[in-house]
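What follows is a short report on a single structure.
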Amino acid sequence: MLADTTICAIATPPGNGAISLIRISGKQAITTVAQFFYGKRNLTEKASHTLSFGEIRHHDQLIDEVLVSVFRSPLSYTGENMVEISCHASPYIQQQILTLLLENGATLAQPGEFTQRAYLNGKLDLSQAEAVADIIKSQSAAAHKMAFQQMRGGYSEELNKLREQLLHFVSLIELELDFSEEDVEFADRTQLSELAEKLHTTIHNLAASFQLGNALKKGIPVAIVGKPNVGKSTLLNALLGEEKAIVSDIPGTTRDVVEDTFIVKGVEYRFIDTAGIRETEDKIESLGIERTWQKVDNAAIILLLIAATDDETENIKALQKLQDHIKETDKTLLLIINKTDKQKTNTAAFTPFIEEGNCIEISAKYGKNIDLIIEKLHSHYLGMQQGNSDIIVSNIRHYELLKKAEIATERIQNGLQDGIPTDFISQDIREALHHLGSITGAISTDDILGSIFQNFCIGK
Ligand SMILES: Nc1nc2c(ncn2[C@@H]2O[C@H](COP(=O)(O)OP(=O)(O)OP(=O)(O)O)[C@@H](O)[C@H]2O)c(=O)[nH]1
Ligand SMILES: [Mg+2]
């Protein structure tokens, strides 16, 4: 249902700034602002996409000198009439203008309501609307590029095309059901098989790209692990270039996980310093160690830190323990030998790592070879990117729907192969259509819309 109300909100963040923007959208947007805006000409006479300078007055009292832009339906962000008031960023002025808007019949916008209206008016599909939120939140060049691709249409277009073809088939198949007595076949099974295969490949690749998409959106998780006192926190600080974690020569200093993000060549990494892994009776420390393993499980890259000053067999044991834990995963393990300023270590046991370029000798304390770790992270990212097309899924809602659509598509493929009855195939196609349609919003419910838009900021 499209609302008839006119909504308003401050679109800029609170706090100190030169200028603030107040947005108004709805059928009455222009006439509402015209009640208290005094410019050369009445706002209601202004053409779309024009800017007017003037005063805002409240009962003859001057509130501010402002610039007002007018956008007329349908050529606006929401598709409705819209006005944007650029005022001075005083909280008093902003509140006075909001009060005037409310007194003249506007209501306060809900979070994301402008974008929701844009969606309901067909300006954006649902996945594009969700990308708007990602653009606002993007911190790195990679996350920004991904969000823009999605907002520009990204995979919606491809999914819609496939969906249309499927719709065509399902209508033919359902027509067959009407003639079930007569044993006719309107839908060419070979073509349907081909389409199902194409659909499966597309969906599968999109779903597979989520691992990268999610990592890029939240920062690629890099866990720093190792025995107590090897210099994990020192390395975290060296990577971040700030004293984030406490460093001391007491083993067991870090008891909880310390995290921070850092952007390298446009890609964000989330470094996770963990509690050193050892046998301990200390309850709090063992809780910390438990968390270390959880962080290992969630990381894409693991930096196993060993100290050149430590006993060699202990170091080999630490490596084996970690390798055992992560076998059968596709995590990248880098072996980092620290404290090389103090002592040289025998690296014979680490030959496979050295040969693959996955062993780096550093001194965290003196910042030596930290750049080699950073380079290695970047080449890992480039490796992750290979095999993914430009279009990357980063939204978990889309990922879950794609996985469901993938399963339904597999059922269509198997069903066609096994020659199962037409009504079952039609059911599977309907299910795939439903999941795909839910991504772009061709199919949506109020609940879905509510949960998506409530995560937006007010004013967007
Ligand atoms: N000589 C030398 N000392 C280092 C180096 N890196 C760290 N250290 C010292 O090693 C000690 C332990 O460093 P931390 O960074 O606290 O070690 P950690 O691995 O975080 O230790 P836990 O949190 O207890 O598990 C400190 O005294 C550091 O100054 C290094 O590259 N060379
Ligand atoms: Mg530490």
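Read the numbers this way: they start at 1 and go in the same order the structure lists the ligands and their atoms. As the structure is a prediction and not an experimental result, all values here were calculated from the model.
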- For atom 28 (C) of ligand 1, which candidate among Val225, Val230, Ile362, Val247 holds the nearest heavy atom?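 Residue with the shortest heavy-atom distance to the ligand atom: Val247.
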Minimum distance, heavy atoms only, to atom 24 (O) of ligand 1: which one of Gly288, Gly252, Gly276 is it?
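Nearest option to atom 24 (O) of ligand 1, by heavy atoms: Gly252.
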Check your understanding: Taking distance alone, with no angle check, do Ser233 and ligand 1 share an N/O pair under 3.5 Å?
Key ->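 It does: an N or O of Ser233 is found under 3.5 Å from an N or O of ligand 1.
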### Query
N/O of Asp341 under 3.5 Å from N/O of ligand 1, yes or no?
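Such a contact does occur with ligand 1.
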- Message: When you measure from the heavy atoms of Ile250 to every atom of ligand 1, does any distance fall below 4.0 Å?
- Response: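 Yes, Ile250 has heavy atoms under 4.0 Å from ligand 1.
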Review point. Which atoms of ligand 1 have any heavy atom of Lys232 under 4.0 Å away?
Key: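 By the 4.0 Å cutoff, the relevant atoms are 15 (O), 17 (O), 18 (P), 19 (O), 20 (O), 21 (O), 22 (P), 25 (O).
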Check your understanding: Going by the atom numbers of ligand 1, which of them fall below 4.0 Å from some non-hydrogen atom of Asp249?
Key ->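 Listed by number with element, the hits are 27 (O).
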Checklist line | Non-hydrogen atoms of Phe114 and Thr78 that approach each other most closely | finding: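 That closest heavy-atom pairing would be O-CG2, 3.3 Å.
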Classify the ring geometry of Phe271 against Tyr269: parallel below 30°, tilted from 30° to 60°, perpendicular beyond 60°.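 Rings of Phe271 and Tyr269: parallel, as their planes differ by under 30°.
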ask   = Without hydrogens or angle criteria, can the side chains of Tyr155 and Thr202 be said to hold a donor-acceptor pair below 3.5 Å?
value =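 Judged by distance alone, the side chains do not pair up.
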Problem set entry | Donor-acceptor pair between Gln94 and His88 side chains, under 3.5 angstrom |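 No - no donor-acceptor pair under 3.5 Å links their side chains.
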Subject >> Angular separation of OG (Ser233) and OG1 (Thr254) seen from the Mg ion (ligand 2), to 10° >> reply: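 Once rounded, the angle between the two atoms at the Mg ion (ligand 2) is 90°.
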- Query: Only one of Asp273, Asp297, Asp256 forms a salt bridge (Lys or Arg N to Asp or Glu O under 4.0 Å) with Arg291, so which one is it?
  - Reply: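 Among Asp273, Asp297, Asp256, the one meeting salt bridge (Lys or Arg N to Asp or Glu O under 4.0 Å) with Arg291 is Asp256.
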Identity and separation of the nearest protein heavy atom to atom 14 (P) of ligand 1: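 For atom 14 (P) of ligand 1, the nearest protein heavy atom comes out as Thr234 OG1, 3.6 Å.
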